[in-house]
Amino acid sequence: MRRRAVLTAVTLTGALALAGCSGSGSGSAAADLSVNGPYMPQPVSADMAAGFLTIINTGAAKDELTSVTSNVAGQVTMHSTMGGAMEEEPSFAIPAHGRLVFKSGGNHLMFEKLKRKPRQGQTVTVKLTFAKSGPLTVEMPVKSATYNPSTGH
Ligand code: CU
């Protein structure tokens, strides 16, 4: 009961902040997307690689990541991980004033049908396509096979 009351208060504050935003801004509610911390661990296999990044939405509207392409892969698919099992997803939601996180052990991008094997020190070009916002092109650095973004090694 007590917990529910606290949650409601937080939701209300969020709604007020949102109203404040659109009042002082241009008036049009739209997603405002940027990409943070993209990387690809150097793949072990020659035909498949994983990729990780965070999409940050500072806008007042939600959006959706609908497809991913890359210059090194014939196909890039989006996967979620649930209880250790991964599943291909057709799209991922990006909440307003929120973020969509792809990280090791969780959601991830899967680069398939590799045209060349990405090596540490290189970058691969990744194009993200959204339901509403224009596409974003990201230069994704290839890190060591065991790279951990929290330690930087
Ligand atoms: Cu996967």
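Atoms within each ligand, like the ligands themselves, are counted from 1 in listed order.
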A.B. asks: Give me the number of protein N, O or S atoms whose distance to the Cu ion (ligand 1) is under 2.8 Å.
C.D. replies: 3
A.B. asks: Side chains of Asn107 and Val101, heavy atoms from C-beta outward: is any pair under 4.5 Å?
C.D. replies: no
A.B. asks: Does anything in residues 34-45 form a side chain to side chain donor-acceptor pair (under 3.5 Å)? List the pairs, not counting sequence neighbours.
C.D. replies: Ser45-Asp47
A.B. asks: With the side chain counted from C-beta on, respond yes when Met40 and Val124 share a heavy-atom pair under 4.5 Å apart, and no when they do not.
C.D. replies: yes
A.B. asks: Asn148 side chain to His153 main-chain N or O, any donor-acceptor pair under 3.5 Å?
C.D. replies: no
A.B. asks: Would a distance-only check, ignoring hydrogens and angles, find a side-chain to backbone donor-acceptor pair under 3.5 Å from Ser70 to Thr125?
C.D. replies: yes
A.B. asks: Give a yes or no answer on whether the side chain of Asn57 reaches the backbone of Arg99 with a donor-acceptor pair at less than 3.5 Å.
C.D. replies: no
